[in-house]
Amino acid sequence: MKISLITTCYNREATIRATIESVLSQDYANIEYIIVDGASKDKTMDIVNEYKNRVSTIISEPDSGMYEALNKGLLRATGDVIGLVHSDDVLFSPSVISQIVTKFNETGADFLYGDGLFVSATDENKVIRKWIGGTYRLWKVRNGWLPLHTSCYIRRNVIERKGLYNQTYKIASDSDFLLRMLIAGDLNVAYLNKFIVRMRMGGLSTDKSKRRLVWQEDERIYSSHGLSPTLSKIEKVIWKLPQFLRAKLKL
């Protein structure tokens, strides 16, 4: 099974090396690695180019934002299964992709998700949230729950059928993308009860200054999928509360 991993970046000289190293250190060999840069103005591309002989595809050109960059990566991907590793994040361990492939082979899944850690932007050993995906149920999706975006690995033919990221959403298109994948209930979904990714706080969806826009886009997304916008958003918040409690109580 061939796995395509996509990293999008813009001015991430402080974190991109750790992201790349976490991918290249995987003990699974059949990985296609795609990096899509939005024409960074710092030293991001200098660092990326240090690894050019070990990265399958490198794109560096202006774009309208992360979702256009992700779509460029998806259109270039040739793997059986596609996953994301954002430029502020690292894969949890060198065996993560091997574990994911094993689970796909065991279950025949179309869509797999797992767990993730949100850590401090300045101290990756300080855990802020523990996102434990839990057992999959369709009723959960229809009541505000979604898996952690960067823990999701999806067969390429499913993405080709259900569509790319909707670029009219500037900050919450991942929620729309996941709802399109899951809400119909027509996929074989598997849960891997393992940490897949370690995410630094401060990305688009965790930036406090952008939370109002996230709320507005979420409501528009829920409406477009025939769900109650306000109720679904409240339910989404409720689903997240245990994540903070687990970290605080060190569970």
Side-chain angles (χ1 to χ4, degrees), residues 3-25 31-77 79 82-92 116-124 128 148-154 159 163-178 196-218 221:
I3 305 294
S4 294
L5 296 177
I6 300 170
T7 293
T8 61
C9 56
Y10 180 71
N11 292 345
R12 285 292 183 266
E13 63 180 13
T15 58
I16 189 65
R17 188 183 299 279
T19 302
I20 295 172
E21 291 282 357
S22 80
V23 172
L24 297 181
S25 67
I31 294 176
E32 172 186 58
Y33 190 27
I34 300 169
I35 298 177
V36 184
D37 173 73
S40 290
K41 301 183 185 304
D42 64 359
K43 295 180 180 179
T44 297
M45 282 308 299
D46 292 338
I47 296 169
V48 170
N49 284 325
E50 291 180 29
Y51 300 91
K52 62 183 179 181
N53 294 331
R54 301 175 65 192
V55 176
S56 307
T57 301
I58 297 173
I59 301 168
S60 183
E61 60 190 21
D63 56 48
S64 61
M66 181 176 70
Y67 297 117
E68 181 184 358
L70 285 173
N71 283 342
K72 288 179 183 179
L74 290 175
L75 290 170
R76 295 293 290 271
I82 301 175
L84 310 178
V85 188
H86 289 333
S87 56
D88 286 334
D89 308 338
V90 295
L91 293 172
F92 187 75
L117 294 178
F118 285 82
V119 301
S120 166
T122 56
D123 180 4
E124 66 179 49
I128 308 298
L148 178 62
H149 184 214
T150 49
S151 79
C152 296
Y153 285 71
I154 309 170
I159 296 173
L164 304 176
Y165 292 90
N166 183 341
Q167 292 172 215
T168 66
Y169 300 114
K170 301 304 179 186
I171 200 166
S173 188
D174 50 319
S175 293
D176 173 70
F177 180 80
L178 293 177
I196 288 176
V197 64
R198 189 183 294 265
M199 305 174 63
R200 289 184 179 86
M201 296 291 287
L204 282 178
S205 62
T206 61
D207 186 331
K208 291 181 181 179
S209 68
K210 297 181 174 66
R211 285 181 181 170
R212 184 174 181 178
L213 178 58
V214 172
W215 189 285
Q216 293 170 342
E217 288 197 354
D218 273 349
I221 288 165

Legend entry - From S60, P62, S87, residue fulfilling side-chain contact (heavy atoms from CB on, under 4.5 Å) relative to D37: S60
Inset, instruction - Would you please name every residue forming a ring pair (Phe, Tyr, Trp, His ring centres under 6.0 Å) with Y153, sequence neighbours left out? - result: none
Inset, instruction - Verify whether one side chain among D176 and S173 offers a donor that lies under 3.5 Å from an acceptor in the other. - result: no
Legend entry - Pairing residues for D63 by the salt bridge (charged side-chain N to carboxylate O under 4.0 Å, His left out) criterion, not counting sequence neighbours: none
Legend entry - Working for side-chain hydrogen bond (donor to acceptor under 3.5 Å, both in side chains), residues D174 and Y67: CA-CA 8 Å; D174 50 319; Y67 297 117; 2.9 Å; yes
Legend entry - Sidechain-backbone polar pair: E68 side chain, S64 backbone, donor-acceptor under 3.5 Å: yes
Legend entry - Pairing residues for D218 by the salt bridge (charged side-chain N to carboxylate O under 4.0 Å, His left out) criterion, not counting sequence neighbours: K233, K236
Inset, instruction - Return the set of residues passing side chain to side chain contact (heavy atoms under 4.5 Å, CB included) with T168 (not counting sequence neighbours), or none when no residue passes. - result: N166, R220
Legend entry - Within-4.5 Å side-chain heavy-atom neighbours: L84 and L5: no
Throw together a table of side-chain donor-acceptor distances under 3.5 angstrom for residues 42-49, partners on residues two or more places apart or in other chains.
| residue | atom | partner | partner atom | Å |
| --- | --- | --- | --- | --- |
| D42 | OD1 | T44 | N | 3.0 |
| D42 | OD1 | T44 | OG1 | 2.7 |
| D42 | OD2 | R12 | N | 3.4 |
| D42 | OD2 | E13 | N | 3.2 |
| D42 | OD2 | T44 | OG1 | 3.4 |
| T44 | OG1 | R12 | N | 2.7 |
| T44 | OG1 | E13 | N | 3.1 |
| N49 | ND2 | M45 | O | 3.0 |

Inset, instruction - Would you name the heavy atoms of I221 and S175 that are closest together and state the gap between them? - result: CD1-CB, 4.2 Å
Legend entry - Worked verdict on E32 versus I3 for side chain to side chain contact (heavy atoms under 4.5 Å, CB included): CA-CA 6 Å; E32 172 186 58; I3 305 294; over 6 Å; no
Inset, instruction - Go through the structure and list residues passing side chain to side chain donor-acceptor pair (under 3.5 Å) with T19, not counting sequence neighbours. - result: none
Inset, instruction - Return the minimal non-hydrogen interatomic distance between A121 and M201, and the atom names on each side. - result: CB-O, 3.3 Å
Legend entry - Donor-acceptor pair between S25 and E21 side chains, under 3.5 angstrom: no
Inset, instruction - Determine the minimum heavy-atom distance between A77 and I82, stating which atoms define it. - result: CB-CD1, 3.7 Å
Legend entry - Point-to-point distance, once rounded to the nearest 0.5 Å, from CZ of R54 to CD1 of I20: 10.0 Å
Legend entry - Distance (rounded to the nearest 0.5 Å) between I196 CD1 and L117 CG: 11.5 Å
Legend entry - Any residue meeting side chain to side chain contact (heavy atoms under 4.5 Å, CB included) with A14, in chain and number order, not counting sequence neighbours: none
Inset, instruction - Check whether any side-chain heavy atom of D88 lies under 4.5 Å from a side-chain heavy atom of I16, and answer yes or no. - result: no
Inset, instruction - Applying salt bridge (charged side-chain N to carboxylate O under 4.0 Å, His left out), name anything that partners R76, two or more places apart in sequence or on another chain. - result: none
Inset, instruction - With sequence neighbours left out, write down each residue that passes side chain to side chain donor-acceptor pair (under 3.5 Å) with H149, or none if nothing qualifies. - result: Y165
Inset, instruction - Could you list the residues that satisfy side chain to side chain donor-acceptor pair (under 3.5 Å) with Q167, not counting sequence neighbours? - result: N71
Legend entry - Side-chain donor/acceptor of S22 to backbone N/O of L91, under 3.5 Å: yes
Legend entry - Inter-residue atom distance M199.CE - H86.NE2, 0.5 Å rounding: 6.0 Å
Inset, instruction - Hey, could you give me the CG/CZ distance between L164 and F177, rounded to the nearest 0.5 Å? - result: 7.5 Å
Inset, instruction - Measure from the side-chain N and O atoms of E217 to the backbone N and O of Y169, and report whether any donor-acceptor pair falls under 3.5 Å. - result: no
Inset, instruction - Return the minimal non-hydrogen interatomic distance between I128 and S120, and the atom names on each side. - result: CG1-N, 3.8 Å
Legend entry - Test item: L70 and V36 side chains (from C-beta on) under 4.5 Å apart, heavy atoms: no
Legend entry - Residue pair F118 / L148, side-chain heavy-atom distance below 4.5 Å: yes
Inset, instruction - Kindly compute the distance separating CD1 (I34) from CG (L74), expressed to the nearest 0.5 Å. - result: 8.0 Å
Inset, instruction - State which residues pass salt bridge (charged side-chain N to carboxylate O under 4.0 Å, His left out) with E50; sequence neighbours excluded, sorted by chain then number. - result: R17
Legend entry - Rounded distance [0.5 Å steps], OG1 in T15 versus CG in D89: 8.5 Å
Legend entry - Partners meeting ring pair (Phe, Tyr, Trp, His ring centres under 6.0 Å) with Y33 (sequence neighbours left out): none
